[in-house]
Number of protein chains: 2
Amino acid sequence: MIQAVLRRLELFAGLSDQEREALSSLLSRRVRRIGPRHDIVIEGQPARNVIFLLSGWACRYKHLHDGRRQTMAYLLPGDACDLAVFGLPVLDHSLATIGSARIAEVPARQMQDLLDRHPRLARGFAWARVVAEAIGREWLVNLGQRSAAEKLAHLLCELSLRATSVGLCVDGRCPLPLTQIDLASTTGMSIVHVNRTLQDLRGRGLVSIEGRQLRILAPARLRDMAQFDDTYLHLGRPRRRPGLESASGPARQATAAAF
Amino acid sequence: MIQAVLRRLELFAGLSDQEREALSSLLSRRVRRIGPRHDIVIEGQPARNVIFLLSGWACRYKHLHDGRRQTMAYLLPGDACDLAVFGLPVLDHSLATIGSARIAEVPARQMQDLLDRHPRLARGFAWARVVAEAIGREWLVNLGQRSAAEKLAHLLCELSLRATSVGLCVDGRCPLPLTQIDLASTTGMSIVHVNRTLQDLRGRGLVSIEGRQLRILAPARLRDMAQFDDTYLHLGRPRRRPGLESASGPARQATAAAF
DNA sequence: CGGTCATTTGAAATCGTTCAAAAGGAGTGG
DNA sequence: CCACTCCTTTTGAACGATTTCAAATGACCG
C-alpha cells in the first residue's frame, strides 16, 4: 500500500533506500481504513495532518448552500492530499473517499522533519504539487471551454493516463470507480446529460464502461475530440532546472523544492 | 511600484527593514514596461525567471487549437506570476498583460538565494501561492456550478476585494480594466451573453460599470446572489499553524513555507 | 475623419436542464 | 432465496438558458 506513495514519487525522481525507508516508516505509523463515500476531512476544519492516499480513490469537493457540489480534484493511490492546502488556517473544501480507501495520516511536525532531512523527498512532493496545480488549470479549460462530449472525453483521457501511471491498469482496462453522478459534479453537467453523452461516446466506439471499468477503444480519436495533450500531467521525469544545476546543500535544495 | 509587492506580502506577515530592502533591490534590477494585450511569457517556453507584476493587471490563459481561450487567473499589482509554475520544464500556459504593465524579472538563482536567506519572505510567497490555489479552486466552482449571473457576480466580488486589498480602490470605485471579452473567456460564457448578463446586474441595481471602473452598489445583495464567501481569499493574516509553533532556524522555516 | 475594437441589439437555433418515471443492480434482512 | 430498499442508470418530453449569426452603435486613437 505504501508502495503507492513511493511509486508516485518515483515518477519524478529516483529515491535512495534510506529515503524510501524514512518515508515508509512515517507512513506506516497511523494508517486508517475508510469506507466508501466518507469524508476524510471537512471544509472549515484546521489542517493538522498531512494525509496520504494509500489505496482507493478520493476527491476534493466544495458545496454551495443549495446543495450544488463541485469536484475540484481526484486523488489516486499514492497521492498526497494536502500539499496545496496544508498551511491554511482552515480548509476551504472537503476531501472524501469514492470507494473504500486506506489513508496514512502524518502530523505536520513529523512531515516537516522528514522534508528537512530528505531534500529529494521534498523535491518530489513539491513536484507532485506543481502537477496537481497543472491539472487544476486544465480542468478550468475543461469546464469553461469544452462541450459536454469533449469534457467527458478529456476527463476520461486524464484519469486513464493517471491510473496507468501508478500501475492501476491492465491491458487497456482501467478501474473507474466514479458514478455518473461523480462525473456530473466534476464536469458541471447534469446527471442526465452525462448519461446521454456517455452513450454518445460509447455509440461512436470511443470507450466502453462496464462494471466500474473503463476501456478506451479508440485512444487517438478520443484524445483528438478532447484536444487532450498529456504534457500538462508531466509524467516524464523533469529535466533539472537551468538556473539551479549547481544548487547544493540540504537547506537550499529544500527551498528549491518549495518554490 | 515595488511597493506593490511589499504590500502584497505584508498582507500575510510583517517584514523587517532588512527583508524589504533585500527584496526591493532584487526587484529593481530588471524592470520592464509592457504594453497592453501583450504576452509576457508563452506556453511551451521554459520558465527561467520569476516574474513580478509591479503595476497593471495580467492574466494566465490557455488556448485550444480552434481558438477558444480560457483565462485561468488574474494577476494584480504585487502578485508574483510564477509561484505555481516555476519548476515546470516548460510552461503549460501563457501570461499576458491586460492594460500596460510594469514587471520585474528575477533570475531563478537570485530568487533562490533571497528565499534561502530570508525565510520570512519565503513564507510570504508560499502563502501567496496557497491563496492563488484557493482562488483556482473557487473558479472551478464558479465555472462548474454557477449560472451566468452568479458567475459574473462572484467574479466581480472577488476582483473588487482583491483590488481593495492591494489598495487599488477609492471610495467604492474599483478599477476594472477587463473587457467583456475578458469576462467571457474567464467565465466560459459567450461575449453576447456576458453583455446581457451585465445589463441584468446593472438593471437590478447591483453594480455599475463605466469607464473601466466598477462600483458595487449593493454589496450584500451581490455577494448573496453569488454565494460569495471571502474566506477563500484569506485576506486576514493567518494564525501560525498549530503543529509548528516551535519550529525554528532558517532551513526549517524555509521548508515550512515550502510545503 | 476613417479605422479598429468593444459594446449592444434582435432573432433563430442549439445545447443542456429539468421533471418524472421506469428499469437495472447490489446489498440486507427475513 | 426472496422481498425489499436504496442507489445508479436510463428514457422521454418539454422547457429554458445560452450560443450563434448578423448587424448596428458607440468609443477611442492616430
Side-chain angles (χ1 to χ4, degrees), chain A residues 35-38 57 59 64 66-71 96-100 142-153 155-156 175-203 207-214 225, chain B residues 35-38 57 59 64 66-71 96-100 142-153 155-156 175-203 207-214 225:
Chain A
R37 305 287 162 189
H38 260 253
W57 290 36
C59 68
L64 295 187
D66 50 10
R68 283 177 284 180
R69 170 178 169 147
Q70 176 66 38
T71 300
T97 57
I98 303 294
S100 68
N142 220 19
L143 285 171
Q145 300 301 324
R146 287 192 248 257
S147 70
E150 292 170 333
K151 278 178 187 164
L152 284 175
L155 181 62
L156 295 179
L176 188 71
L178 309 178
T179 64
Q180 294 184 7
I181 298 168
D182 292 318
L183 296 175
S185 90
T186 304
T187 55
M189 299 160 59
S190 70
I191 298 166
V192 171
H193 200 48
V194 165
N195 181 279
R196 293 188 170 124
T197 307
L198 282 179
Q199 287 179 48
D200 179 46
L201 294 183
R202 282 191 285 241
V207 301
S208 90
I209 302 179
E210 26 188 89
R212 299 282 116 111
Q213 295 250 322
L214 165 69
M225 96 168 296
Chain B
R37 304 289 163 189
H38 260 254
W57 290 36
C59 69
L64 295 187
D66 50 10
R68 285 177 282 180
R69 170 178 169 145
Q70 177 66 38
T71 301
T97 57
I98 303 294
S100 68
N142 219 22
L143 284 171
Q145 300 301 325
R146 287 191 248 257
S147 70
E150 292 170 333
K151 278 178 186 161
L152 284 174
L155 181 62
L156 295 178
L176 187 72
L178 309 178
T179 64
Q180 294 184 6
I181 298 169
D182 292 318
L183 295 175
S185 91
T186 305
T187 55
M189 300 160 57
S190 70
I191 298 167
V192 171
H193 201 47
V194 165
N195 180 279
R196 292 187 170 124
T197 307
L198 283 179
Q199 288 179 49
D200 178 46
L201 294 183
R202 283 191 283 242
V207 302
S208 89
I209 302 179
E210 27 188 90
R212 298 281 118 110
Q213 295 251 320
L214 165 69
M225 95 166 298

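Fair warning: this is a prediction, and the values are worked out from it, not measured in the lab.
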[X] [atom1] to [N] [atom2], straight-line distance once rounded to whole Å:
| X | N | atom1 | atom2 | value |
| --- | --- | --- | --- | --- |
| Arg37(B) | dA6(C) | CZ | P | 7 Å |
| Arg196(A) | dT17(C) | CZ | C1' | 9 Å |
| Leu183(A) | dT10(D) | CG | P | 11 Å |
| Lys151(B) | dT19(D) | NZ | C1' | 12 Å |
| Ile98(B) | dA6(C) | CD1 | C1' | 14 Å |
| Arg68(B) | dT18(D) | CZ | C1' | 15 Å |
| His193(B) | dA12(C) | NE2 | P | 19 Å |
| Leu178(B) | dC5(C) | CG | C1' | 16 Å |

Check: [Y] and [X] side chains under 4.5 Å, non-hydrogen atoms:
| X | Y | answer |
| --- | --- | --- |
| Thr186(A) | Asn142(A) | no |
| Leu143(A) | Gln70(A) | yes |
| Arg146(A) | Thr187(A) | no |
| Ile191(A) | Thr179(A) | no |
| Leu198(A) | Arg202(A) | yes |

Picking from dG12(D), dT19(D), dT8(D), the nucleotide nearest the side-chain atoms of Ile181(A) would be dT8(D)
Minimum-distance nucleotide (side-chain atoms of Gln199(B) versus dT9(D), dG12(D), dT9(C)): dT9(C)
With a non-hydrogen cut-off below 4.0 angstrom, is [X] in contact with a base, only sugar-phosphate, or nothing?
| X | value |
| --- | --- |
| Gly211(B) | nothing |
| Arg212(B) | sugar-phosphate |
| Thr179(B) | sugar-phosphate |
| Arg202(A) | sugar-phosphate |

Considering just the side-chain nitrogens and oxygens of Asn195(A), establish if one lies under 4.0 Å of OP1 or OP2 belonging to dT9(D). no
By nearest nucleotide on DNA chain C, pick out whichever of Ala148(A) and Gln180(B) is the more 5' one. Gln180(B)
